[in-house]
Q: 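Take a look at the following structure, please.
As the structure is a computational prediction, the values presented were derived from the model and not from experiment. Just so we're on the same page: letters track the sequence lines, and every chain starts at 1.
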2 protein chains.
Amino acid sequence: MSAQRPPLTAGRGTRNEGTRQHNLSTLVSLVHHSGGASRAELTRLTGLNRSTVGTLVADLATAGLVFEDEPEVTGAGRPSPVVRPAADVAVLAVNPDIDAVEVGLVGLGGRVIAHDRRELSAPPEPEAALAIAADMWRALADEHPGLRLLAAGIAVPGLVRTADGLVVRAPHLKWHDVDLADAAAEAFQVPTVVRNDARASVVAESIFGAGRGVSDLLYFNGSASGIGGGAVVDGSVLVGADGFAGEFGHTLVNPGGEVCHCGRTGCLETEVNMQRQQAAADAGTLDAELDRQASYLGRGMGNVVSAFNPSSVVLGGFLADLLEARGEEIAASLQGHAFAPMADEVRVVPAQLGDDRVLVGVAELALRPLLADPLAQAS
Amino acid sequence: MSAQRPPLTAGRGTRNEGTRQHNLSTLVSLVHHSGGASRAELTRLTGLNRSTVGTLVADLATAGLVFEDEPEVTGAGRPSPVVRPAADVAVLAVNPDIDAVEVGLVGLGGRVIAHDRRELSAPPEPEAALAIAADMWRALADEHPGLRLLAAGIAVPGLVRTADGLVVRAPHLKWHDVDLADAAAEAFQVPTVVRNDARASVVAESIFGAGRGVSDLLYFNGSASGIGGGAVVDGSVLVGADGFAGEFGHTLVNPGGEVCHCGRTGCLETEVNMQRQQAAADAGTLDAELDRQASYLGRGMGNVVSAFNPSSVVLGGFLADLLEARGEEIAASLQGHAFAPMADEVRVVPAQLGDDRVLVGVAELALRPLLADPLAQAS
DNA sequence: CTAATATGTTGTAGCCATCAACGAAATCCG
DNA sequence: CGGATTTCGTTGATGGCTACAACATATTAG
C-alpha cells in the first residue's frame, strides 16, 4: 500500500462538505473491504478523532449501510462495538458468457448472498442475455424479500468502453457495439455499470483475494476463451484511455508461431491455452507441453513485468493450475525474460477467489460510486 | 483528463486543514502548470468561491510562490489580475550522464532560468558527479543572486528506487547501489530527490510538452545508450512497486535476434538503435534499415499499447527522427501489432521539448512535495 | 472491590469555505 | 461624453465540519 501521489494536472477545489464526504467514504470502504472493524480500530486507521468517527458511523448506520454489532472481547478497557457492513443491501452482478448467463446477489464485504446460472446452447443475443438475467433476478428477489438493491454490474468478456459502458466488441459472444447499460438500468431500476470481466476479476482479487494490501499487481486469467488480464497501479485498476487496458493475452511471445484469432502471430494465448494441453494429453505428451507453456507464460509475464514493475503477479483459471504444476519453470522463465531486478522481487501467486470472482469484482465496480459518496443515494 | 478514481484500498481521514491544503495545492499547481491564470479563471477552474480564491492566492503570494501581475485586457467587466508563478524561486536539476554532467536552474512554470554543462572524458564516479554539480551550482548561484532554491532533483540513467532514491544500478555509469540523496541534500541544503531520467522526461512532456491534457500516454525515448520510457496512467506517472516501471526498451520484438546487454535476446533496443543506423549509413543501406527499425518499433509499441491503452504515444530522441522519416511505416506496424481498436485511436506524436526535457522533468518531481503542501515549507 | 485502562459521549472552540452586499474598474451604447 | 451594464475584488456574517477537553461507561488486573 503506497502513499497516494497527486495527479500531474490539478483538479477542482474542495469545500467542507467534501471533507465529510471523503471521511464517510473512507469509513464505509474500510468496513466494506475488511468485513468489519471496531470503532476504535477505525479511529486508529483513519487518524480521525473518536467523536468524529462516532458521528460519521451513526450517519452511515442511519443510511442503512453499516450497523454496530456486539463488541468482541479484546483486552483491557471499555470494549468497542464492531462496525459491520449492512446485511440487507446487495448489488446485482450479471455475467453473460458463451455457454451460460450467471447472476449473483453480492452483499457488502464481498459476500455472495445468492447466485444462479442458466446454461445456454448457444451464445445469447444481448437482449436475450438481459431478459434471462432479469428473469433470474426476479426469482432471487422473491427468495430474499427485504433485500435492498443498491446497484447492478454487468461483466462482459470483451472490450468495454468505460466512459459509457458500450461493449465495443465481444468476439466470443459475437457482440459488436452493444449498449446494454441503459436497458439494464431500466430493467433493474438501479444505476448500472458495464465492465470487462477480466478487469472485474482483478478488482476482486485485489480487494478480497490474493492481492489484498498490494498496490501494484498484475493479473493473468486463463479461460477456455483465452487469456485476459488486468493491472492494479498504485492502488487503482488500470483502465487506460478507453477502458481497454490489460489485454495481456496478446503480448508477443513467439513471432514465428501460429496465427492468433486477433490476426497477429505468436500471441501469448496462441502458445498457452487449454486446447493445446488437451491435444497433448490425448497424444500422451502433456509433460513436455506443460514445460513448453510454462516457458512461454514466463516469457509473456516477463515482458509485462518489465513494463509495470509489480510486486505480485496473480494467476487465475487454468494458469493457476499451470503454476501449481510448473511453478519452478514459470519462475525460471520469468527470471530470464524480465528486466532484473524487477523479476527478483516479484511474487507469483495463484488467485484465491473461486468462480465467484467475476461477480464479486463487477459488484465492487458497480458499488464504486456509492462508496465514493455514501450519503448521496436517494434513499 | 479523466476524473480521479478512488483507490481500491481506503486511506486516511481528512480534516478542515486538509481542505485548505488541497485547495492551495490545486491553485499553485494550476498556476505553475499553465504559466499564469487570472483569478477569475482560477475561480472557474476550481469551482471555488471568488472570496476563497482571493484569500488563498494572497497566502500563496505571502509565501513567495506566486505574484499578482497586471490584468490583461479581455472584455467587459472589471479586469482580473493575472496570478503568475514567482520568478525568484527555482529548483536545482542535475543530470549526470556518461559524457557530461548537466545542471539547470528551473523556475516555476517549467522555465529554465540557467543551465550549464561540463563535458567528461569518462563516466564519473558518484562522488565526482556530485562535486562537479555542486561546483556548477555555486557558479550559477553567484550569477543569480536573490534566487531562492526550493528543492533539488537528480536524474540518473538507470534503475532508481523511488522510496529512498537509491540508484540500484546504472550500467552506463557503472554505478551500483549508490545512495546520492543524503549527500546531495547536504551539499545543496534543500530537500533532494533522485529519479530515473526517462521517468523525468515523461513528466516533462506530460505537463509542458506533447502530453498536455492527456491522462494516459506512453513515452519512448531513444538515446545513444538505448531506449527508455515511461507511462502516465490516469494522470499520474507510472512508478510501479519499486519505481522501475517503464523499461520499454526491453520489450520482446524478435526472439531470434541478437543478445541484448541485459542478457536476453531480441529486445526492442537491440533491433532499434543508433548504432545500426550508423552502420547502415556507412554501408549505403540506410533506407532499408530505417524501414526495418520502423517495423520493429511499431511492433514494440503495439505490445505496450495493448497493455496500456493510451490515447497518445510520444516519441523522443532519435525515435522522433525515425517518426519524421518513417511515420507511415511505424503507424502501419503499430496497427498490425496492437490489439485493435486500441491502435485505431492512439495518436503517435513527437516529443515537443528539447534537450531540457530531463532537467525540467526532474525539477517537477523534486517540486512535487511542495506543490502538494505549498505552505509547509520552512520559510 | 479498587485502580487502571480504553472507549463512547457531549458541549465548546477553531478552521474553512460560502454567501450576500458593496465597491471598483472596465466596456457598451445612446 | 456619460450613464447603464458587466465583471470582479473585498468584507463581515453564517454554517459546516472536525478537534479537543471533560466526563461517563465498561471492561481487566490484582
Q: May I ask you to decide if A:Ala40's main-chain N or O and A:Ser80's side chain share a donor-acceptor pair within less than 3.5 Å?
A: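 Present.
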Q: So which one's nearest nucleotide on DNA chain C is more toward 5', A:Thr14 or A:Thr55?
A: A:Thr55
Q: Taking atom P of C:dG8 as reference, at what distance in whole Å does atom CG of A:Leu56 sit?
A: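 Result: 13 Å.
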Q: Heavy atoms under 4.0 Å, any strand shown: does B:Pro81 hit a base, just sugar-phosphate, or nothing?
A: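 B:Pro81: backbone/sugar contact only, no base atoms under 4.0 Å.
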Q: Of all the nucleotides listed (C:dT7, D:dG16, D:dA26), which has the minimum atom distance to the side chain of A:Ser80?
A: C:dT7
Q: Judged by atom type as modelled, is there a donor-acceptor pair below 3.5 Å linking the side chain of B:Ser312 to the main-chain atoms of B:Pro310?
A: no
Q: Would you indicate whether the side-chain heavy atoms of B:Val203 and B:Arg368 approach each other to under 4.5 Å?
A: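 The answer is yes; the side chains approach within 4.5 Å.
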Q: Just wondering, are more than 12 heavy atoms of other shown residues or ligands nearer than 6.0 Å to CD in A:Gln189?
A: yes
Q: Sub-3.5 Å donor-acceptor pair from the side chain of B:Glu205 to the main-chain atoms of B:Gly211, do we have one?
A: no
Q: Produce the list of close N/O pairs, under 3.5 Å, pairing protein atoms with atoms of nucleotides 19-21 of chain C; give distances to one decimal.
A:
from   : atom 1 : to      : atom 2 : distance (Å)
C:dC19 : N4     : B:Ser51 : OG     : 3.0

Q: Nearest whole Å is fine: how far is D:dT28 C1' from A:Glu72 CD?
A: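 In whole Å, D:dT28 C1' and A:Glu72 CD are 17 Å from each other.
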Q: Would a distance-only check, ignoring hydrogens and angles, find a side-chain to backbone donor-acceptor pair under 3.5 Å from B:Asp216 to B:Asp234?
A: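 Flag set: sc B:Asp216 to bb B:Asp234 pair under 3.5 Å.
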Q: Between P on C:dT18 and CD on A:Glu17, what's the gap in Å once rounded to a whole number?
A: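 After rounding, the gap between these two atoms is 8 Å.
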Q: Which pairs, protein N/O on one side and nucleotides 2-6 of chain D N/O on the other, fall under 3.5 Å?
A:
from  : atom 1 : to      : atom 2 : distance (Å)
D:dT6 : O2     : B:Gly77 : N      : 3.4

Q: Mind jotting down which residue pairs meet the salt bridge (charged side-chain N to carboxylate O under 4.0 Å, His left out) criterion with at least one end in residues 25-43 of chain B? Sequence neighbours excluded, please.
A: B:Arg39-B:Glu68
Q: According to a strict under-4.0 Å criterion, is A:Arg15 in side-chain N/O contact with OP1 or OP2 of D:dG16?
A: no
Q: Rounded off to whole Å, could you give me the CZ-to-P distance for the B:Arg12 and D:dA19 pair?
A: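 Answer to the nearest Å: 11 Å.
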Q: Does the base of C:dC15 carry an N or O that pairs as donor and acceptor with the side chain of B:Asn16 under 3.5 Å?
A: yes
Q: Could you state the atom-to-atom distance from CD of A:Gln21 to P of D:dG16 in whole Å?
A: 16 Å
Q: Considering heavy-atom distances to DNA chain D, does A:Pro71 or B:Arg39 have its closest nucleotide positioned more toward the 5' end?
A: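 Its nearest nucleotide lies further toward 5', so the answer is B:Arg39.
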Q: Of all heavy-atom pairs between B:Val91 and B:Ala366, which one has the smallest distance, and what is that distance?
A: CG1-CB, 3.9 Å
Q: Quick check for you: among D:dA19, C:dA17, D:dC8, whose closest atom lies nearest to any side-chain atom of B:Asn23?
A: C:dA17
Q: Among B:Leu42, B:Thr43, B:Leu56, whose side-chain contact (heavy atoms from CB on, under 4.5 Å) with B:Leu48 holds?
A: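 Only one of B:Leu42, B:Thr43, B:Leu56 forms a side-chain contact (heavy atoms from CB on, under 4.5 Å) with B:Leu48, namely B:Leu56.
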Q: Rounding to a whole Å, what distance do you find between A:Leu24:CG and D:dG16:C1'?
A: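 To the nearest whole Å, that distance equals 13 Å.
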Q: Taking B:Leu147's backbone N and O only, do any of them form a donor-acceptor pair with B:Asp88's side chain (distance below 3.5 Å, no angle check)?
A: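 The answer is no, because no donor-acceptor pair under 3.5 Å joins these two groups.
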Q: Measure CD/A:Glu41 against P/C:dA6 and give the value in whole Å, please.
A: 15 Å
Q: Using whole Å, report how far CZ of A:Arg20 lies from P of C:dA17.
A: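 Distance check: A:Arg20 CZ to C:dA17 P gives 18 Å.
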